[in-house]
Undergrad: 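Before I ask anything, here is the structure I am working with.
Heavy-atom basis, side chains included; hydrogens, waters and symmetry copies ignored. Note that the structure is predicted; figures quoted are calculated from it, not measured. Numbering of ligands and ligand atoms starts at 1, following listing order.
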Amino acid sequence: MTQAISRPAPTMAEKIEAIDALCARARIMPVITIAREEDILPLADALDAGGLQVLEITLRSPHGLTAIRRLREERPHLCVGAGTVLDRHMLEAVEEAGAQFIVSPGSTDELLRAALQSPVPMLPGVASASEIMVGYALGYRRFKLFPAEVCGGTAALKALGGPFGDIRFCPTGGVGPANLQRYMALPNVMCVGGSWMLDSSKGWDAVRQASADALALLG
Ligand code: 3PG
């Protein structure tokens, strides 16, 4: 009889280390909603060719879980995470699909606690000091700031750096070529996310070019 080897969930310190590593690799994280199943591979390949290899696939379309599964199987060199994870059932589904990290637009007690037990690191969404404090009390130190431009942008991040000196953020929502350098210049920003590079109406090469252009802004 084979016995399942159960591994303890990684500690929060290990998860923070994993998040820091993937954000350092990403610098810019595309937030992707797959409209058509046939787009999964060409879109990922265009982003990869443009230098973006850490992808957040949202569950906003029915193809999200399929995309995570297929990219893990067919593009194992990419780092594939799940976005728009809203509750513990979605968290379990994306774990099962093989997500390497999890992002949520906001924070609920249920989701924050479920993710503590998960082997997969999560970046919970926050938009205020109070939400940061709820996550902080559970051990979280890395957050998505969403919607970043609406909740104060770089000025909010500078202000939050006062009381929360050990917290780092991935701002998303309204981030793009016009402001990403200002975000990335802040010491409490580890990477930025957004969807501006995903417009494929001019073909996949336009996605590759927009990705490369965005990275070039960061030198
Ligand atoms: C999101 O999670 O919706 C992302 O922040 C995308 O935002 P954007 O479309 O403004 O880039």
Undergrad: Compare all side-chain heavy atoms of L145 with those of C170 and state whether any distance is below 4.5 angstrom.
TA: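 No; the side chains remain at least 4.5 Å from each other.
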Undergrad: Say whether K144 and ligand 1 are in contact under the criterion: heavy-atom distance to a ligand atom below 4.0 Å.
TA: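 Judged by the 4.0 Å heavy-atom criterion, K144 does count as contacting ligand 1.
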Undergrad: When you measure from atom 9 (O) of ligand 1 to every protein heavy atom, which one gives the shortest distance, and what is it?
TA: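 That would be S195 OG, 2.5 Å.
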Undergrad: Could you tell me which atoms of ligand 1, counted from 1 in the order shown, lie closer than 4.0 angstrom to a heavy atom of G173?
TA: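 Counting from 1, the qualifying ligand atoms are 5 (O), 7 (O), 10 (O).
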Undergrad: Tell me the nearest of E56, R60, M29, M197 to atom 1 (C) of ligand 1, using heavy-atom distances.
TA: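 Shortest heavy-atom distance from atom 1 (C) of ligand 1: R60.
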Undergrad: When you measure from atom 4 (C) of ligand 1 to every protein heavy atom, which one gives the shortest distance, and what is it?
TA: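 Checking every protein heavy atom, the shortest distance to atom 4 (C) of ligand 1 gives T172 OG1, 3.6 Å.
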Undergrad: I'd like to check which ligand 1 atoms, numbered from 1 as shown, lie under 4.0 Å from a non-hydrogen atom of F146.
TA: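 Counting atoms of ligand 1 from 1, those under 4.0 Å from F146 are 1 (C), 2 (O), 3 (O), 5 (O).
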Undergrad: Tell me whether the guanidinium CZ or amine NZ of R142 lies under 6.0 angstrom from the six-membered ring centre of F169 and within 45° of its axis.
TA: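 No.
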Undergrad: Grouping I, L, V, M, F, W and Y whenever their side-chain heavy atoms are under 4.5 Å apart, do W196 and W204 come out in a common cluster?
TA: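 In one cluster with W196: W204, yes.
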Undergrad: Walk me through it: do D45 and R75 pass the test salt bridge (charged side-chain N to carboxylate O under 4.0 Å, His left out)?
TA: CA-CA 9 Å; D45 290 342; R75 298 294 185 270; 2.7 Å; yes
Undergrad: Looking at E110, I want to see if its CD is surrounded by more than 12 non-hydrogen atoms of other residues, nucleotides or ligands under 6.0 Å.
TA: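 Yes, CD of E110 has more than 12 neighbouring heavy atoms, counting only those of other groups under 6.0 Å.
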Undergrad: Please confirm whether G174 comes within less than 3.5 Å of ligand 1 when only nitrogen or oxygen atoms on both sides are compared.
TA: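 Yes, at least one N or O pair falls under 3.5 Å.
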Undergrad: Looking at G194, which atoms of ligand 1 are within less than 4.0 Å of one of its heavy atoms?
TA: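 Near G194, the atoms of ligand 1 are 11 (O).
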Undergrad: For R168, which residues count as a side chain to side chain donor-acceptor pair (under 3.5 Å) partner, sequence neighbours excluded?
TA: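 Side chain to side chain donor-acceptor pair (under 3.5 Å) check on R168 returns nothing, list empty.
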